[in-house]
Amino acid sequence: YDVDFIKVFLDLDLAVLGEDYWYYNNVYAKNVEKEYYYTDKATFAQSRIKFLEGALKQNSIYRTDYFAEKYEKNARANMESEIEFLSIVK
């Protein structure tokens, strides 16, 4: 396998985390919640917070310098704001 290709592929998937605040919260986060329609809000919130906190513990969310430089700051801010919002829900 081409390790560099895999890193770019993974970063492309995670790029949405670094989108602008409005898009992240009004499109992406709402669509993630819709994917888990079969889960009650409290369980979803707890599970999502656990995922987000785990991702934030990493030195970098992204595997390549390009994506880290372009999206890391926004991604962390978006994820932290989602955690705050979900903490109210649960």
Side-chain angles (χ1 to χ4, degrees):
Y1 295 105
D2 183 342
V3 174
D4 289 333
F5 174 79
I6 293 169
K7 288 178 180 179
V8 170
F9 181 81
L10 292 171
D11 282 357
L12 284 168
D13 187 50
L14 297 174
V16 68
L17 299 174
E19 286 290 342
D20 66 75
Y21 178 84
W22 186 92
Y23 183 86
Y24 181 92
N25 287 290
N26 293 291
V27 178
Y28 170 72
K30 288 184 188 225
N31 284 335
V32 169
E33 187 174 359
K34 285 179 189 175
E35 288 180 35
Y36 293 90
Y37 66 90
Y38 53 85
T39 306
D40 65 87
K41 286 192 181 284
T43 302
F44 171 78
Q46 288 176 321
S47 299
R48 183 74 177 154
I49 288 170
K50 186 175 181 179
F51 165 76
L52 294 169
E53 288 177 338
L56 288 169
K57 286 180 184 175
Q58 298 179 59
N59 289 335
S60 179
I61 295 164
Y62 299 98
R63 307 291 188 272
T64 62
D65 291 339
Y66 173 81
F67 282 88
E69 289 170 13
K70 184 169 176 130
Y71 294 113
E72 187 81 25
K73 185 177 177 182
N74 274 1
R76 289 186 175 277
N78 286 335
M79 294 164 74
E80 288 168 359
S81 73
E82 186 179 359
I83 289 170
E84 286 179 38
F85 174 77
L86 291 171
S87 295
I88 296 167
V89 174
K90 70 174 198 171

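Note that the structure is a prediction, hence the values are computed from the model and not measured.
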Could you give the distance from CZ (F44) to CD1 (I49), rounded to the nearest 0.5 Å? 9.5 Å
Step-by-step side chain to side chain contact (heavy atoms under 4.5 Å, CB included) determination, D40 to T43: CA-CA 6 Å; D40 65 87; T43 302; 2.9 Å; yes
Grab the two heavy atoms, one from I61 and one from A55, that are nearest each other, plus how far apart they are. CG1-O, 4.0 Å
Atom pair OH (Y23) and CG (N74), whose distance is rounded to the nearest 0.5 Å: 14.0 Å
L10 CG to F5 CZ distance, which is reported to the nearest 0.5 Å: 9.5 Å
D13: what forms a side chain to side chain contact (heavy atoms under 4.5 Å, CB included) with it, not counting sequence neighbours? none
V3 and K7, any side-chain heavy atoms less than 4.5 Å apart: yes
Which residues pass the side chain to side chain contact (heavy atoms under 4.5 Å, CB included) test with A77, sequence neighbours left out? none
Sorted by chain and number, sequence neighbours left out, side-chain hydrogen bond (donor to acceptor under 3.5 Å, both in side chains) with S47 holds for none
In short, salt bridge (charged side-chain N to carboxylate O under 4.0 Å, His left out) pairs touching residues 43-68 with sequence neighbours left out are R48-E82
Would you please name every residue forming a side chain to side chain contact (heavy atoms under 4.5 Å, CB included) with N59, sequence neighbours left out? none
To the nearest 0.5 Å, what is the distance between OH on Y21 and CG on N26? 8.0 Å
Group every Ile, Leu, Val, Met, Phe, Trp and Tyr by side-chain heavy-atom contacts under 4.5 Å, then state whether L86 and W22 land in the same group. yes
Residue set satisfying side chain to side chain contact (heavy atoms under 4.5 Å, CB included) with S60, at least two apart, ordered chain then number -> Y62, A68, E72
Which atoms form the tightest heavy-atom contact between L56 and R76, and what is the distance? O-NH1, 2.9 Å
Please round to the nearest 0.5 Å and tell me the distance separating atom CG of D11 and atom CD1 of I6. 12.0 Å
Results of ring pair (Phe, Tyr, Trp, His ring centres under 6.0 Å) for Y28 - residues two or more places apart only: Y24
Nearest 0.5 Å, please: how far is CZ in F67 from OG1 in T64? 5.5 Å
side-chain hydrogen bond (donor to acceptor under 3.5 Å, both in side chains) with S81: which residues, sequence neighbours excluded? none
Applying salt bridge (charged side-chain N to carboxylate O under 4.0 Å, His left out), name anything that partners E33, two or more places apart in sequence or on another chain. K41
Side-chain heavy atoms under 4.5 angstrom apart, residues restricted to Ile, Leu, Val, Met, Phe, Trp, Tyr: same cluster for V27 and Y37? yes
